[in-house]
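Working notes, structure below.
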Amino acid sequence: MVQQLIMDQNLSKTKPYRKIAVVLSVIAMGLGQLYNRQYVKGIILLAFHAIGLYTFIFRLPHAVWGLVTLGETKTQLKKVGRLYQQILGDHSVYLMIQGLITVCAAFVLIYIYTMSIKDAYQVGKRRERGEQPHNFLQTARFIATYRFPYLILAIPLVGVFFFTIMPIIFMILLAFTNYTSNNMPPAHLLDWVGFDVFKDIFTIKQWSHTFYGVLLWTFIWAILATVTGFFGGFAIALLVQQKGIRFKKVWRTLLIMPYAIPMFVSMLILQNMFNGHFGPLNQYLGLIGIDSIPWLSDPTWAKVTLVLANFWVSFPASMLLIIGILSTIPTDMYEAADIDGATAFQKTRLITFPSVMYSMAPLLVMSFVGNINNFTIVYLLTNGNPVNGDYQFAGDTDLLITWLYKLSFEQGQYNFASVIGIFIFIILSGFAIWNVRRTKAFKEDLQ
Amino acid sequence: MNQKTTVWLSVSYILLILIVVFSVYPAIWVVMSSFRTGDSLYSDSLLPTTFTLEHYKTLFTKYQFDLWYMNTLKIAVSSMILGTILTLLTGYAFSMFRFYGRKSLMNTLLVLGLFPGFMSMIAIFILLNQMNLLNTHTAVVITYASGAPMGFLFCKSFFDTIPKSLTEAAHIDGAGHNTIFFRIVMPLSTPLIVLLALGSFAGAFTDFIFAKLVLKTPEKKTLAVGLFDMINGQQATSFTTFAAGSVLIALPITVLFILLQRFLVEGMTVGAEKG
């Protein structure tokens, strides 16, 4: 009892560590930690404070200016003495990227700042309770044990930040500028144009015509490609797995050939097989007396060719998957059906099909999404051709994604390409979020 | 009844043979073309009348095929190792731990993975330019590897199937994070690692769009870029040499896939599981 009283008195007598530590940390990162006798941590944070001061005083104003104005001085010829010299002006694109990085760094620094104040408060509180603050080794061990997930996520996330997030933000910003090959930095300055590019796509006849046309074909393509691949694979799986078929493994190995060959190689090969003049396909058709077919040069045939080629590469994967699922269907279901006198067709329709669909539905949606973005097949097989005269920089078989590629890398219409990219993203994210939320990996987290 | 089954089986065999011809024909055609004399696409028969290895030699004399092969292996192996490690770390963190911000991080990564890669290519190009990494293999490896963690969901759902009781028991016995990861989780994840490694290897081995954008000089080229230029470039004249190149490029990957079939199905079904 007496001891308790003494302790209480001691507690009330102790200094207000919390308050002092917080005030010091607000003044400068690390001071609170130094006051709390956490010297290594304090010095590290002080270094961050120095970086922060430098960033906010010398870098941030220029970064914000760059982002807002995208540069003010044009590259021009100036008279220096007697000679004209080219004076390099502001490079809008670099200003934009450097601005983005600096602004992001500023946010990170602000976050560290608030965390250091919070930390100073927590440690101060512990000292008021009479505990020893952790030394640096203890802190490091604490982080390695209890903050482990953040530690191992840090490396991948830095990569994702620089090579995915930054570029995406940059591209979204581009959609609101006048960045085209006619207006390239450093010779010209970029300007913000608001939603003008979005408006142009819908109001300028040629752009909107192309956009709707390509969008429609993208959807038709994705549906056809997914459906043919899935049902083709399904039928072939049933064929191979039938009772009485021998050498199942050999058949399977032969059938996955199209899937095993790297796709860019097989597409380049197919491009030659479908060659209208010298390709073997037309040659064989000629042998049996059929006129050669314009596989790649006629708009309709080119579309048929694409679907056919896609079927060729995509059926093995769904066949393999479906064979896997077939082996999990309990055999007593079929035995019961036999007793009831069901025909083979009925068994397939009422037992096999629902079981396969149950497992395959989410994969089907994913492959639909994948087909909307199926760049490789279209780019290598037809390159979007034949060219459609009514379209703006697009051909009859162009998907949104290949059109985007042509717009940016062949035509230099970077701002229009960015707008198309944003549309693709909006279309896809709806599907994918819905699908991902249904998967087991995600549902488990809700429990 | 019995006769009916026999008829149906014969029909099935005929169908199977037709489908197999359909699936393997392009491969056979290219292999045969690569041994044919001359360099035209057109030939009278599938089987060449005279065999020649000339085109395979041309690959190494006229084109720098051996150099391209080494470049590609270098890029593919480095990005396989880096990419697999990064993906494993991401999937592991999301599967095994519950931490603040986990859900929103996962959502963000999933949504980011949806952006078409070409959209950000211009920006990556400019970034690499600023870092003085254009026309280097490092640039390609970094870009492939840092894109890999976006495919973490598959990896996470695999780790989710490992019973929690196993890791918890180890934890109670005093095992640290490293011990649990290397001694318990890794040995159980062989199919996953094989699949991830194979996927990122094949991805880096066969990507040509990004490589074409970054690698400009001939001595830096990868196989994919080289092969693409061989058939679509200005001086694309010899189809048979292209065929020989296709065979040499496709052979290792195809054999690898066929050998690892078992893992392939296992891996795909894990990803396909749903509740």
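Reminder, nothing fancy here: chain letters follow the sequence lines and each chain counts from 1.
Heavy atoms of A/I422 lying under 4.5 Å from chain B belong to its backbone as well as its side chain. Proximity to chain B involves both the backbone and the side chain of A/V160, based on heavy atoms less than 4.5 angstrom apart. Only the backbone of A/S418 comes within less than 4.5 Å of a heavy atom of chain B; no side-chain atom from C-beta onward does. Residue A/I323 does not touch chain B at all, counting heavy-atom pairs closer than 4.5 Å. Contacts of A/A344 with chain B are absent, with no heavy-atom separation under 4.5 Å from either backbone or side chain. Looking at A/L380, the atoms closer than 4.5 Å to chain B (heavy atoms on both sides) all sit in the side chain, from C-beta outward. Looking at A/R147, neither its backbone nor its side chain comes within 4.5 Å of chain B, counting heavy atoms on both sides. Heavy atoms of A/L157 lying under 4.5 Å from chain B belong exclusively to its side chain. Proximity to chain B (any heavy atom under 4.5 Å) is restricted, for A/F311, to the side chain, taken from C-beta onward. Contacts of A/N275 with chain B are made by side-chain atoms alone, with heavy-atom separations under 4.5 Å and no backbone atom involved. For chain B, no part of A/F161 is nearby; none of its heavy atoms comes within less than 4.5 Å. Only the side chain of A/F264 comes within contact range of chain B, with at least one heavy atom under 4.5 Å from a heavy atom of that chain. Using a 4.5 Å cut-off between heavy atoms, A/I97 touches chain B through its side chain atoms alone.
When all heavy atoms of B/F152 and B/T87 are compared, the pair lying nearest together is CA-CG2, 4.1 Å. Listed here is the closest heavy atom pair of B/F210 and B/L128: CZ-CD1, 3.9 Å.
By number of non-hydrogen pairs under 4.5 angstrom with chain A, the leading residue of B/A202, B/A243, B/G245, B/S146 is B/S146.
Remark: side-chain polar atoms of A/T218 are paired, donor with acceptor, to backbone N or O of A/L400 under 3.5 angstrom.
In this structure, B/W29 has its ring center closer than 6.0 angstrom to the ring center of B/F239.
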